[in-house]
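Written out below as structure tokens is the structure these notes cover.
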There are 2 protein chains.
Amino acid sequence: MAATLHDVAAVAGVSIKTVSNVVNDYEHIRPSTREKVLKAISELDYRPNISARSLRSGRTGVIGLALPELSLSYFAELADSVIKEAEKRNLVVLIEQTGGGDRDKEIKLLSSPRLQLTDGLIFSPLGMDSSDVAHLNVSYPLVLLGERIFGGPVDHVTMKNVEAAKAATRHLLDRGCRRIAVIGAHEGELVGSAALRVQGYREALDAAEVPFDESLLGYVIEWHRLDGARAMREMIASGVQFDAVFGLNDTLALGAMRVLQEAGFRVPEDVSVIGFDGLDETRYSLPTLSTIDPGRDEIAATAVRVLVERIKARSEPMKGEPHEPDPFEPHQYRAEFSLQARESTAVA
Amino acid sequence: MAATLHDVAAVAGVSIKTVSNVVNDYEHIRPSTREKVLKAISELDYRPNISARSLRSGRTGVIGLALPELSLSYFAELADSVIKEAEKRNLVVLIEQTGGGDRDKEIKLLSSPRLQLTDGLIFSPLGMDSSDVAHLNVSYPLVLLGERIFGGPVDHVTMKNVEAAKAATRHLLDRGCRRIAVIGAHEGELVGSAALRVQGYREALDAAEVPFDESLLGYVIEWHRLDGARAMREMIASGVQFDAVFGLNDTLALGAMRVLQEAGFRVPEDVSVIGFDGLDETRYSLPTLSTIDPGRDEIAATAVRVLVERIKARSEPMKGEPHEPDPFEPHQYRAEFSLQARESTAVA
DNA sequence: CCTCGATCCTCCAACGTTGTAATCTCGTAC
DNA sequence: GTACGAGATTACAACGTTGGAGGATCGAGG
């Protein structure tokens, strides 16, 4: 059905390899020949067969992106960024969902044959932790996102969680808040975004010499709006006094803000609220939600760039000293964050 | 590096084809042989090379999903559903973003070599219209989503736009509203979700013998929150009287609701608001937003099912009368919708 | 003991592409 | 007029898999 190199070669009156050379922009081709071939190509509407190319050359032009769930806005916006970035490099993105923190599913994915036709993987785990670091020793290029695993044997693109959470907390302190509730802590967690952001929160308190109060931590299991709402409700019911809420992500903050307003608190007059993630929708809530933009576009751009470098490095003949098995050590990249002050933390 | 059929065959002491047969569940294999082979497979950690398989057999196990943008919540949730559905059938999903209604990009995508390693495509256009129907004559299985093109030469999964919009409007009428503003109409549009939903709106008005007032239509270009906010602001500024707002999608409705509250209208006491799409976040806005769930999961499930049937049909030997070139005519499927009544349309 | 059919397995040839190495074709220099 | 070499093209062999056709094996029946 579809035209092949053979057909094009026959029409153009050259060898099949010459056509291949034209398609691949080989430099030593007589202009007249190139023209003939290009004409035949468009005439037959020839398109290279990617399976065959991939079989022969080992490259597919597809990168994998594994993330928990697209229905979580943060990951949807991240995927959007990654796809746009990949498109600039003429790569196509295959998305795998690992579910909301399903450790086994994440580990299984890393060795799934489903990744076969992928040149490399950008992986954002939510369930694995540093004890699973060995699973990251895979045979394909891998770039890690997120805060679950540090010091692994792979490149890692992450955000400045501690610093950013500290900045968010300081923002509230600057506005005179002294009893800052945290919504979204994970009970007993030592790694991961929640732990890091709580750490930044505590550092900011310490720096301002504001005492830390355990009862201001609202625990949740997942980071959905519902969880934020529930934690906020519990905290209100517990009778703890607070004058600000730091949602460890925007979704939690929006859920919490909803409950606050329902309970009669005015935002920001009675309680200031800040989130984290820089979601688009924080611009349109009532009131608009102050938040931390963790540098999502930069994260996506860096992840794709690094992955592409790794993919290139593995197929190119090793330049320079060949005794180094891998020319680059795994590297950690940290995107810049920025604080978006909006109505939810405005001073009256 | 990676083990091939050859390696496995050598270890198991059988021919390469026998290994292939085991992998593909061929029935006539002696249990002892199968066991030997399986042992060798797990010993060598063999995984089939999908490129080679695809080159030989023509199937890749990948389906494409082309949609405008993942940062639009509706499409993110749709993608989530499609991926989950595909996973049940052991298929992997490759996502292409065509941008918010970029007609040329959509047309270009349909013949992009990027789809080469895809067995078929689920396509949700936003810029093309019925005049582009010819472009849908592609050589691969294609399932169309959305409301832009009807009567095309391909299977089409859609929602009951008119009926659902009519139900939403009737819901408002039932609550005593008589001046129902519409946010999100597209100027001069004849096809597409906006037109259909406006049609449903008018039908409901007619049925209730409520006069239609052109000045109650709020026009927008895109369906982002910002557009909903802007259109609402314009309508308020214009001085038109209204007692309800029908956002043609949830995002518009949320943007509009934000502006209403800012302007001092109470929802639902002064103005009732309803949206369309059944987004997760409508459950958590303040007030919670009434909406239409257009049956997204059903749409995703149907689209994947139909696509898989088409893919199967094209490779299987034609059963029965072979004079029919295509055993099925293109079919249109319409998912059931449901109305979710929430606080934004509650009666005082 | 031979035949026959069912079951099990193997051989061979593709699928469409690209890397390597070899060949051909010039224009240029002597 | 011949030799040279760079530029331009080609032949051939893979890449790992599966379809098809044919070969081996085995038990049962004659």
Side-chain angles (χ1 to χ4, degrees), chain A residues 1-38 40-41 44-62 113 115-119 139 314-317, chain B residues 1-38 40-41 44-62 113 115-119 139 314-317:
Chain A
M1 199 73 227
T4 74
L5 283 184
H6 271 98
D7 306 325
V8 177
V11 169
V14 295
S15 86
I16 172 182
K17 189 60 212 286
T18 297
V19 180
S20 169
N21 285 337
V22 170
V23 171
N24 293 289
D25 282 328
Y26 179 65
E27 44 185 349
H28 297 307
I29 296 182
R30 201 171 311 171
S32 64
T33 312
R34 161 170 280 120
E35 209 170 323
K36 259 193 313 189
V37 172
L38 288 177
I41 285 179
L44 295 176
D45 194 25
Y46 164 78
R47 316 229 185 86
N49 178 316
I50 310 231
S51 297
R53 173 178 289 177
S54 146
L55 172 59
R56 182 62 239 237
S57 70
R59 299 266 204 93
T60 60
V62 181
L115 295 175
Q116 274 279 344
L117 45 79
T118 259
D119 289 337
S139 59
R314 101 193 294 237
S315 64
E316 262 170 22
Chain B
M1 198 74 226
T4 74
L5 282 184
H6 272 98
D7 306 324
V8 177
V11 169
V14 296
S15 85
I16 173 182
K17 187 60 207 291
T18 298
V19 181
S20 169
N21 284 338
V22 170
V23 171
N24 292 291
D25 284 328
Y26 179 64
E27 48 186 346
H28 295 308
I29 296 182
R30 199 171 313 173
S32 64
T33 312
R34 162 171 277 120
E35 208 171 324
K36 259 193 312 188
V37 172
L38 288 177
I41 285 180
L44 295 175
D45 194 25
Y46 164 79
R47 314 224 190 89
N49 178 316
I50 310 230
S51 299
R53 172 179 291 177
S54 147
L55 172 59
R56 183 62 239 237
S57 70
R59 298 268 204 95
T60 61
V62 181
L115 295 175
Q116 276 277 343
L117 43 79
T118 260
D119 289 339
S139 58
R314 101 193 294 238
S315 65
E316 261 169 23

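Because only heavy atoms are used, hydrogens play no part in the values below, and waters and symmetry mates are left out as well, while side chains stay in. As the structure is a prediction and not an experimental result, all values here were calculated from the model.
For A/Arg30, whose side chain is taken as the heavy atoms from C-beta onward, the closest listed nucleotide among D/dT17, C/dC9, D/dT9 is D/dT9. Each of D/dT10, D/dT18, D/dG16 was ranked by its minimum atom distance to the side chain of B/Ser20; first place goes to D/dT18. Of the candidate nucleotides D/dT9, D/dT17, C/dC8, C/dC8 has the atom lying nearest to any side-chain atom of B/Thr33. Across C/dG16, D/dG19, D/dG16, the shortest atom-to-atom separation from the side chain of B/Lys17 is found for D/dG19. When each of C/dC9, D/dG16, C/dG16 is scored by its nearest atom to the side-chain atoms of B/Ile29, the top-ranked nucleotide is C/dC9. Looking at the side chain of B/Tyr26, the nearest of the listed nucleotides D/dT18, D/dT10, C/dC9 is C/dC9.
Side-chain contact between A/Asp45 and A/Arg47: present, with at least one pair of heavy atoms (C-beta onward) separated by less than 4.5 Å. Considering only heavy atoms from C-beta on, B/Leu38 comes within 4.5 Å of B/Val22 through its side chain.
For the pair B/Ile41 CD1 and D/dG16 P, the interatomic distance rounds to 16 Å; values are reported in whole Å. Rounded to whole angstrom, the span from the CG atom of A/Leu5 across to the P atom of C/dG19 amounts to 12 Å. Nucleotide C/dC12 holds its C1' atom 12 Å from the NE2 atom of B/His6, rounded to whole Å. Whole-Å rounding puts the A/Glu35 CD to D/dA8 P distance at 15 Å. Between A/Glu27 atom CD and D/dT9 atom P the separation is 13 Å, expressed in whole Å. Rounded to an integer number of Å, the gap from CG of B/Asn49 to P of C/dC15 is 18 Å. B/His28 has its NE2 atom 17 Å from the P atom of D/dG27, to the nearest Å. Spacing between atom CZ of B/Arg53 and atom C1' of D/dC15 amounts to 16 Å, rounded to whole angstrom units.
Of the listed residues (A/Thr33, A/Val37, A/Ile29), just one forms a side chain to side chain contact (heavy atoms under 4.5 Å, CB included) with A/Asn21, and that residue is A/Ile29.
Across all strands shown, A/Leu55 has heavy atoms under 4.0 Å from base atoms, whether or not it also approaches the sugar-phosphate. Within 4.0 Å (heavy atoms only), B/Thr4 reaches sugar-phosphate atoms of the nucleic acid but no base atom. In this structure, B/Ile16 reaches the bases: a heavy-atom distance under 4.0 Å links it to at least one base atom across the strands shown. Here A/Asn24 lies in heavy-atom contact (under 4.0 Å) with sugar-phosphate atoms only.
Between B/Asp7 and B/Thr4, the shortest heavy-atom distance links the atoms OD2-N, 2.9 Å. The two residues A/Ile16 and A/Leu5 make their nearest non-hydrogen contact at CG1-CB, 3.6 Å.
Judged by closest nucleotide on DNA chain C, B/Asn21 is the one of B/Asn21 and B/Arg56 placed further toward the 5' end. Between A/Arg34 and B/Val23, the residue whose closest nucleotide on DNA chain D is further toward the 5' end is A/Arg34.
With A/Thr18 contributing its side chain and A/Val14 its backbone, the two residues share no donor-acceptor pair below 3.5 Å.
Considering only side-chain N and O atoms, B/Thr18 lies nowhere under 4.0 angstrom from the phosphate OP1 or OP2 of C/dC9.
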